[in-house]
Amino acid sequence: SPDGTECSTPELEKAGLLNKTKIAEGGRKLRKNWNPSWVVLVGNSLVFFKDPKSQTPSTWKPGNSRPESSVDLRGAQLQWANEMSSKKNVFKLRTVTGNEFLLQSETDSVITEWFDTLQSVIDKLERE
Ligand code: I3S
């Protein structure tokens, strides 16, 4: 806006269905509990929603469901973690606050795209 007071809406960069389990909270290990999660990358945040069975990437809108949780990607670390699960295509996301998540897809291209996209956001934030 001309007076500079209006905040821009963060861009929705990527959304999709992944399997997710939280494995640590504030550095404390948690028991694994894998569940499908609707994962949305908006600006600097990765936002998790409960699996919305009726929704697809093309019909999902940010306003119409309440997030389960969200992760600040600033300072986060990403690494492949196939040794941490019997599932294939697993990576680990660790936040600065010591929350750790495993994310997984049966589809190689899906998990690779998520990994690369998240890594580029994390890298971009580090350069700011
Ligand atoms: O690394 P773990 O402990 O073998 O992970 C498995 C368990 O958490 C298991 O739960 P219970 O121990 O409550 O039965 C989960 O059902 C499995 O999915 C976990 O292993 P994978 O390999 O799927 O990440």
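Note that ligands are numbered from 1 as they come in the structure, with each ligand's atoms numbered from 1 the same way.
A donor-acceptor contact shorter than 3.5 Å is absent between the side chain of Ser37 and the backbone of Val39.
Nearest protein heavy-atom contact of atom 20 (O) of ligand 1 is Lys32 NZ, 3.7 Å. The protein atom (non-hydrogen) at minimum distance from atom 18 (O) of ligand 1 is Trp34 CD1, 3.3 Å. Protein heavy atom in closest approach to atom 14 (O) of ligand 1: Arg31 NH2, 4.4 Å. For atom 21 (P) of ligand 1, the nearest protein heavy atom (residue, atom name, distance) is Ser85 OG, 3.4 Å.
At a threshold of 4.5 Å between non-hydrogen side-chain atoms, the residues Asn89 and Leu103 do not count as touching. Within the 4.5 Å cutoff, no side-chain heavy atoms of Val47 are placed close to those of Trp38.
The distance from ligand 1 to the heavy atoms of Lys87 drops below 4.0 Å at these ligand atoms: 23 (O). Taking every non-hydrogen atom of Ser86 and a distance limit under 4.0 Å, the qualifying atoms of ligand 1 come out as 21 (P), 22 (O), 23 (O).
Using a cutoff of 4.0 Å between basic side-chain nitrogens and carboxylate oxygens, Lys22 and Glu100 are not scored as salt-bridged. We find that Arg74 and Glu128 are joined by a salt bridge, their nearest charged nitrogen and carboxylate oxygen being less than 4.0 Å apart.
The nearest pair of heavy atoms linking Ser45 to Leu73 is C-CD1, 4.3 Å.
Annotation: cation-pi pair Lys20/Phe101 absent, no NZ/CZ under 6.0 Å from the ring centroid and within 45° of its normal.
Closer than 4.0 Å to atom 8 (O) of ligand 1 lies at least one heavy atom of the protein. Note that atom 23 (O) of ligand 1 has protein non-hydrogen atoms nearby, at separations under 4.0 angstrom. Within the 4.0 angstrom cut-off, atom 12 (O) of ligand 1 has one or more protein heavy-atom neighbours.
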